[in-house]
Every structure is written in structure tokens, then in C-alpha cells.
Amino acid sequence: MLLMPRKVKYRKAQKGKNRGIATRGERLIFGEYGLKALENGHIRANHMEAARLVVARKMKGVGKLWIKVFPCKPVSKKPAETRMGKGKGDLSHWVCPVKKGKVLFEIGGIPEDFAKQVFRLVSFKLPVKTKFVVRSGH
């Protein structure tokens, strides 16, 4: 099941800009290991679901995963082969705008080499470059 907000104030949102470095959510809070974004971009709800499934299959019930991002921004798209004008397109999908330095996922309760292996597979599913990070007091 894809993630999306239960209720939003406005159905369609403006595109906006996604620049700069993350000042919130840039360090590990819950787990010992994390996956940090190295570039700005949008992560779709289906990317996050694919990443979650990879972790669930690989970890087989051991350890715990925290997903630190949520797709809260609607993206609209006009149908293919449609003329210009006639208003904004219909809602296509939900994305989470991500800035560089933001921790996307955290894992705890597993060895470091295994966590690195799991996050390597997760990084293939994501549209942004990522980096494996370890909690500093670990």
C-alpha cells in the first residue's frame, strides 16, 4: 500500500524549489545505522514502498526499520497527447521533497556489515544518491 496523506488542505500544489542543505532530520535518532541523501530530489511513494519491501525481505523479521520521510506533496500531470491549456492536470502521484544531508531510513538491531548490505539494496531503489552513515557514539 502506497503512502499518502489522509487529508490535505489543497488538492494540487505548486512545484516550488528544492534547494539547499537539510537542517532538520540530518542526524540519526532511532537506529544505529542510516541512509543519508547526498543530493536534492523527490522520492515517490512507490520508491519508498519498494525500499521497505527490500528491507522486509532481507531482514526476515530481525531488527527494526524507521522510515524518516513521508510523501506529502502532490504532483499533477496532464494526460499524454493533450493540447496546452485547459487548466492544471489531475493528481498523478505523491512525492517527498528531499534535501541533501537528510536521513531517509534508519535501521537498528542488526550487525553493521549486514546493515550496509541491506542499505546497498535500498539505494538501488531510490532516485537520489545516498550514503551509509553510522551513529557517532557507536
Side-chain angles (χ1 to χ4, degrees):
M1 204 194 89
L2 291 178
L3 291 171
M4 68 172 73
R6 199 171 290 135
K7 188 177 165 190
V8 286
K9 189 168 184 180
Y10 299 107
R11 205 163 45 95
K12 295 173 183 176
Q14 292 188 330
K15 196 177 298 228
K17 295 277 189 282
N18 190 14
R19 295 194 271 227
I21 300 166
T23 53
R24 292 162 60 172
E26 77 283 1
R27 54 179 78 94
L28 297 172
I29 296 168
F30 303 108
E32 293 100 60
Y33 315 106
L35 196 67
K36 189 178 257 199
L38 291 179
E39 59 186 10
N40 298 342
H42 291 298
I43 296 182
R44 279 187 180 203
N46 56 339
H47 294 146
M48 290 161 63
E49 181 62 15
R52 191 191 63 77
L53 284 173
V54 162
V55 172
R57 288 201 185 112
K58 195 75 181 157
M59 291 190 8
K60 298 189 179 100
V62 294
K64 184 159 170 51
L65 171 76
W66 289 271
I67 301 172
K68 301 278 296 293
V69 285
F70 184 80
C72 56
K73 186 173 186 161
V75 174
S76 63
K77 193 165 170 39
K78 288 180 85 72
E81 299 174 16
T82 306
R83 290 186 179 187
M84 298 298 284
K86 304 270 190 294
K88 195 174 168 90
D90 291 324
L91 181 76
S92 169
H93 56 274
W94 293 87
V95 296
C96 173
V98 167
K99 291 186 174 185
K100 66 174 142 232
K102 172 110 173 130
V103 175
L104 309 173
F105 299 95
E106 291 186 29
I107 279 183
I110 57 171
E112 185 175 343
D113 56 333
F114 185 52
K116 206 172 256 185
Q117 208 177 350
V118 171
F119 276 146
R120 186 175 163 271
L121 296 173
V122 168
S123 68
F124 293 141
K125 304 286 181 190
L126 298 174
V128 292
K129 285 185 189 145
T130 55
K131 176 175 107 176
F132 179 79
V133 289
V134 183
R135 190 185 282 259
S136 54
H138 195 256

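This one's a predicted model, so the numbers in the text were calculated from it and none came from an experiment. Starting from 1, each residue takes its place in the sequence as its number.
Residues Ile107 and Val133 are members of separate hydrophobic clusters, defined by side-chain heavy-atom contacts under 4.5 angstrom among Ile, Leu, Val, Met, Phe, Trp and Tyr. In this structure, Phe70 is a member of the same hydrophobic cluster as Val55, with clusters built from ILVMFWY side-chain heavy atoms closer than 4.5 Å. Placement of Val118 and Val62 within a single hydrophobic cluster is found when ILVMFWY residues are connected by side-chain heavy-atom separations under 4.5 Å, directly or transitively.
The aromatic ring centres of Phe132 and Tyr33 sit less than 6.0 Å apart.
Taking the ring axis of Trp66 as reference, the NZ or CZ atom of Lys64 stays within 45° of it and closer than 6.0 Å to the ring centre.
Side-chain atoms of Lys73 come within 3.5 Å of backbone N or O of Lys15 as a donor-acceptor pair. With hydrogens and angles ignored, the 3.5 Å screen pairs no side-chain donor or acceptor of Lys102 with any backbone N or O of Pro97. In this structure, Glu106 contributes its side chain and Leu65 its backbone to no donor-acceptor pair below 3.5 Å. Looking at Asn18, its side chain does come within 3.5 Å of a backbone N or O of Val98 through a donor-acceptor pair. Checking side-chain atoms of Glu32 against main-chain N and O of Val134 turns up no donor-acceptor pair under 3.5 Å. Lys88 contributes a side-chain N or O that, together with a main-chain N or O of Ala13, makes up a donor-acceptor pair within less than 3.5 Å. Formation of a donor-acceptor pair under 3.5 Å by the Arg44 side chain with backbone atoms of Leu126 is not found in this model. At distances below 3.5 Å, not a single donor-acceptor pair connects side-chain atoms of Lys131 with backbone N or O atoms of Leu38.
Scanning both residues, Ala51 and Val122, for their nearest heavy atoms gives CB-CG1, 3.7 Å. The shortest heavy-atom contact between Gly34 and Leu28 is CA-CD2, 3.5 Å. Residue Lys68 comes nearest to Val103 through the heavy atom pair CB-O, 3.3 Å, listed as atom of the first residue, atom of the second, then distance. The minimum heavy-atom distance between Pro5 and Cys72, with the atom names listed, is CG-CA, 4.0 Å. The two residues Ala37 and Val128 come nearest to each other via the heavy atoms CB-CG2, 4.4 Å. Residues Ala22 and Glu26 approach most closely at O-CB, 4.1 Å, considering heavy atoms.
How far SG of Cys96 is from CE of Met48: 6.0 Å, rounded to the nearest 0.5 Å. Interatomic distance, Lys100 NZ to Arg19 CZ, rounded to the nearest 0.5 Å: 12.0 Å. Separating the CZ atom in Arg52 from the CG atom in Leu2 is a distance of 10.0 Å, to the nearest 0.5 Å. Of the inter-residue distances, the one linking Arg11 atom CZ with Ser76 atom OG reads 9.5 Å to the nearest 0.5 angstrom. Note that CD1 of Ile67 and CG of Leu104 are 10.5 Å apart. Values are rounded to the nearest 0.5 Å. Atom CG of Leu121 is separated from atom NZ of Lys116 by 14.0 Å, given to the nearest 0.5 angstrom.
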Start with the C-alpha gap between Val8 and Trp94, add the side-chain angles, then the distance that decides, and say whether side chain to side chain contact (heavy atoms under 4.5 Å, CB included) holds. CA-CA 12 Å; Val8 286; Trp94 293 87; 3.7 Å; yes

Using side chain to side chain contact (heavy atoms under 4.5 Å, CB included), reason through Glu49 and Leu3 one step at a time and then give a plain yes or no. CA-CA 8 Å; Glu49 181 62 15; Leu3 291 171; 5.7 Å; no

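Within a 6.0 Å radius of NZ in Lys125, no more than 12 heavy atoms belonging to other residues, nucleotides or ligands are found.
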